[in-house]
Structures are given as C-alpha cells and as structure tokens.
Amino acid sequence: ADSAFAIYKKTNGTPGVIFYYFDRIASDNTRERIKKYADLFCILSPDAPKGSAFSVMRKGLDTFCQGFVVWNAATRKLLYENRAYRGLFGYKNAPYLNEKLGAGMTGRSPATRCEEYTDAKGRCFCATHTLSRQGSSDIVTTVINEITKYKQAENKLNMMAKTDALTGLLNRRAGLEHLKRVYKESKDEHKPLTVCFADIDGLKYINDNYGHGVGDSMIRSVADVLRKHIGRIGAVCRLGGDEFILILPGMNKVQAALLTAQIDREAKQYLVGDSEGISMSFGFKEAEYKEEETADTLISIADIDMYREKRRKSAN
C-alpha cells in the first residue's frame, strides 16, 4: 500500500538506503522515525576510513589461503575471522571458536602453541595460537591450515615404510621394532611371550621348477594363512625370502606350538604344482626375561630351533 525510505551516508563516506514497505499508508511520524533510525544505524555500524590501515589489513587477511581468527580466551568469542576461516568451517554467522580448538589457552599458557585437530568429517588441521594481553583480556590470534591431504600422504608413506611389498605384512625393520616394544611391555607386565621362527620348506625347488611367479604366489598364500591365525592375537613379520617371525604375546611355547600346527595343516591345503601342499617348519623360543636375554636373542634361538626341525624332517 505504501513505501518509505531514508538515504544515509556514514562518517567516512559509505552511502546506503533503508527501504520500508507497508500494508497501509505510512504517516509522517513513521517516515520521520525511519530517518532517525537511519541516523542511529550510522552510529551503531560505523564504516572504516577508505584506505585506512584497518581496511587494508582486513582486505589483506581476506586474501590469505590460511584461516585467520582472533578470539577472546576467556569467552572464546570471535572478534574477527577472515574469509578462509569461514570457508573452512562455514562459520559465517557463528560467534564462537570451535570448541576443540585452542582449549585451555589462558594467561598462564605459553605465548605460542601449535596443535593438530581432526574434525568429525575426518579433516585434519594444523593450528598455531599466539596469546597476548589486551587491557584486561587474554586475546588469541590463530592461524589454521587444512592438512588432510598431507596427513593422508604421510600415513601412506609411513605404511609403505613398514610394510613388506609382496605380502602386506610388517617388513623386517618394522617387525623387529615391534618385537622390542612387545618384549618390554610383556616383561614389565610379567606376561608370557613366545617368538616363532617360520620357514617355507622347499621354496628354492619351487622357484627352480615352476618359476619365481609361483614361488611368490606360495609366499603370499603362506602370508594369508599367518595373518588369518595371528592377526588378532599377535603380529607377523616377513624377514625376507621364505622366512617369517611370529610374535605371540600372552602365549607360552606349548600354546604357540598348537597354533602353528593349525597353520601348518591349513598351509598344506594350498597346492603347489600338481599335488604338493605347502610345507612349513617352525622354531620357538619363550621369553624368560633373564638379564642377558633380548628381543634379538629370542629370534636367534627360535631360528636355531627351526633348523633343528628341518633336519628332523630331512632325516625322516
């Protein structure tokens, strides 16, 4: 039915207009009140001087690809956030910092703190917080980067560095490091630990008569059987060639022998060539936690025990 407007210009020259639309005819008093509201709006929402340091800084921060935010350490209320921060978190209208970022930043905290944060979507972020005192308030400036792709690449490289390429089991280096950790934990907790040295019988014969492709397939089949039986209770490491180390925390030598008997029976179901099943030999050493004993000596003694088993098979 009617409309009214008030044109305004803020202190530093920013112009604007406020429009009202009515379902009735607006009175002169109403129009006057609109003009007064425009004047009040200019006071409550001041503009920055054109070309001022603040205006230049704000525009500059909005060009950052990193998130940049300033917040009150006590209330966690946002005092400023740049465009990249709003893009990362969708916090265009959110008044407070994400609750998991910068937790515990107070006047007693270090001046600078770095942290990594993973959100519910699995995105990873690296944040650097800088604390300063402004009057009676602790103010924090935070620069935040999304590092999801970097972390994924890092995890992949770490996995590749620890994994045997042919079988997907722990490689020699990772396996020995794992054994040392498990040995120390088992010793400290007075729990049994048995190391088993496993070897595939006749791999050279298979490689010479059927080719290395069949030999590699044989190794992978054994690795699958070992992973199936040991994956939940211990760890398996491929030392190289046809040799494996089984790390069995919580098991004594008798229990380990029963487990490897099951593994041996299942391995024989994988045929090599026309009718031969895969045969394996095993050696054992249960930890005694003596002063001279180490994780390496467990492997050495288990290796000797395994070759004793191979000689017994050959004699029969």
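Quick note: residue numbers are just sequence positions, from 1.
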Candidate list Val195, Thr294, Ile247, test side chain to side chain contact (heavy atoms under 4.5 Å, CB included), partner Ile299, passing option: Val195

Side chain Arg86, main chain Glu81, donor-acceptor under 3.5 Å: yes

Closest non-hydrogen atom pair between Arg76 and Gly102, with its separation: NH1-O, 3.6 Å

Sequence neighbours excluded, every pair satisfying salt bridge (Lys or Arg N to Asp or Glu O under 4.0 Å) that has a member inside residues 196-205: Asp199-Lys310, Asp201-Lys310, Asp201-Lys313, Lys204-Asp208

Step-by-step side chain to side chain contact (heavy atoms under 4.5 Å, CB included) determination, Leu166 to Asp216: CA-CA 8 Å; Leu166 180 63; Asp216 286 349; 4.0 Å; yes

Heavy-atom pair with the smallest gap, counting every atom of Ile34 and Ala4: CD1-CB, 3.7 Å

Separation of Arg181 CZ from His178 NE2 (nearest 0.5 Å): 6.5 Å

Ring geometry between Tyr85 and Phe89 (parallel below 30°, tilted from 30 to 60°, perpendicular above 60°): tilted

Leu193 reachable from Leu176 in the ILVMFWY side-chain graph, under 4.5 Å edges: yes

Residues forming a ring-ring contact (aromatic ring centres under 6.0 Å, His included) with Tyr289, sequence neighbours excluded: Tyr183

Validation row: Val70, Ile139 side chains within 4.5 angstrom (heavy atoms): yes

Closest heavy-atom pair and its distance - Ile25, Ala1: CD1-O, 3.7 Å

Contacts of Asp224 that satisfy salt bridge (charged side-chain N to carboxylate O under 4.0 Å, His left out) - sequence neighbours left out: Arg227

Exceeds 12 heavy-atom contacts within 6.0 angstrom, atom CZ of Arg83: no

Sequence-distant partners of Thr75, side chain to side chain contact (heavy atoms under 4.5 Å, CB included), two or more places apart: Asn72, Lys77

Minimum-distance pair of heavy atoms, taken over all atoms of Cys124 and Thr148: N-OG1, 2.9 Å

Apart from Ile7 itself, residues in the same hydrophobic cluster as defined by side-chain heavy atoms under 4.5 Å: Phe5, Val17, Phe19, Tyr21

Leu169 reachable from Met218 in the ILVMFWY side-chain graph, under 4.5 Å edges: yes

Derivation of the salt bridge (charged side-chain N to carboxylate O under 4.0 Å, His left out) call for Lys180 and Glu177: CA-CA 5 Å; Lys180 289 177 181 178; Glu177 289 176 353; over 6 Å; no

Sub-4.5 Å side-chain heavy-atom contact between Ile278 and Ile200: yes

Whichever hydrophobic residues join Met159 through chains of side-chain contacts under 4.5 Å: none

Separation between CG of Leu88 and CG of Asp119, rounded to the nearest 0.5 Å: 10.0 Å

Test item: Val140 and Thr130 side chains (from C-beta on) under 4.5 Å apart, heavy atoms: no

Residue pair Tyr20 / Asp2, side-chain heavy-atom distance below 4.5 Å: no

Qualifying side chain to side chain donor-acceptor pair (under 3.5 Å) pairs with a residue from residues 185-197, counting only residues at least two apart or across chains: Lys184-Asp188, Glu189-Lys191

Verify same cluster id: Ile301, Phe244 (apolar side-chain graph, 4.5 Å): no

Electrostatic pair Glu288-Lys285, nearest N-O below 4.0 angstrom: yes

CA sep, side-chain torsions, deciding dist, call: Arg123, Phe125, side chain to side chain contact (heavy atoms under 4.5 Å, CB included): CA-CA 7 Å; Arg123 298 184 303 169; Phe125 301 92; 3.6 Å; yes

Salt bridge (charged side-chain N to carboxylate O under 4.0 Å, His left out) against Asp39, all qualifying residues, sequence neighbours excluded: none

More than 12 heavy atoms of other groups within 6.0 Å of Phe22 CZ: yes

Nearest-0.5 Å distance, CG of residue Leu246 to CE of residue Met251: 10.0 Å

Heavy atoms from other residues, nucleotides or ligands near CZ of Arg173 exceed 12 (cutoff 6.0 Å): no

Residue pair Trp71 / Thr141, side-chain heavy-atom distance below 4.5 Å: no

Closest contact, heavy atoms only, Cys196 versus Phe282: SG-CD2, 3.6 Å

Shortest non-hydrogen contact between Val182 and Pro249, atoms and distance: CG1-CB, 3.9 Å

Sub-4.5 Å side-chain heavy-atom contact between Val236 and Ile245: no

Lys156 NZ to Asn158 CG distance, which is reported to the nearest 0.5 Å: 12.5 Å

Donor-acceptor contact present, side-chain Asn171 to main-chain Ala161, <3.5 Å: yes

Thr163 side chain to Gly168 backbone, donor-acceptor under 3.5 Å: no

Gly213 backbone acceptor or donor facing Ser217 side chain under 3.5 Å: no

Glu293 (side chain) donor-acceptor with Ala287 (main chain) under 3.5 angstrom: no

Joint cluster assignment, Val222 & Phe284, ILVMFWY side-chain distance < 4.5 Å: yes

Residues Leu258, Gln262; criterion side chain to side chain contact (heavy atoms under 4.5 Å, CB included); working and verdict: CA-CA 7 Å; Leu258 291 174; Gln262 295 176 0; 5.8 Å; no

Residue pairs, two or more places apart or on separate chains, that pass salt bridge (Lys or Arg N to Asp or Glu O under 4.0 Å) and touch residues 229-241: Asp164-Arg238

Pairs satisfying salt bridge (Lys or Arg N to Asp or Glu O under 4.0 Å), at least one member in residues 249-267, at least two apart: Lys228-Glu266, Asp264-Lys268

ILVMFWY network linking Ile219 to Leu239, side-chain heavy atoms under 4.5 angstrom: no

Rounded distance (nearest 0.5 Å) linking atom CD1 of Ile230 with atom CG of Leu259: 5.5 Å

With Tyr8 via side chain to side chain contact (heavy atoms under 4.5 Å, CB included) - residues at least two apart: Lys10, Ile18, Ala38, Phe41, Cys42

Side chain to side chain donor-acceptor pair (under 3.5 Å) pairs, two or more places apart, involving residues 295-308: Asp305-Arg308

Asn82 vs Val69 side-chain heavy atoms within contact, under 4.5 Å: no

Beyond-backbone contact of Phe68 with Tyr80, side-chain heavy atoms, under 4.5 angstrom: yes

Intermediate values then yes/no, side chain to side chain contact (heavy atoms under 4.5 Å, CB included), Val214 and Asn209: CA-CA 9 Å; Val214 174; Asn209 288 273; over 6 Å; no

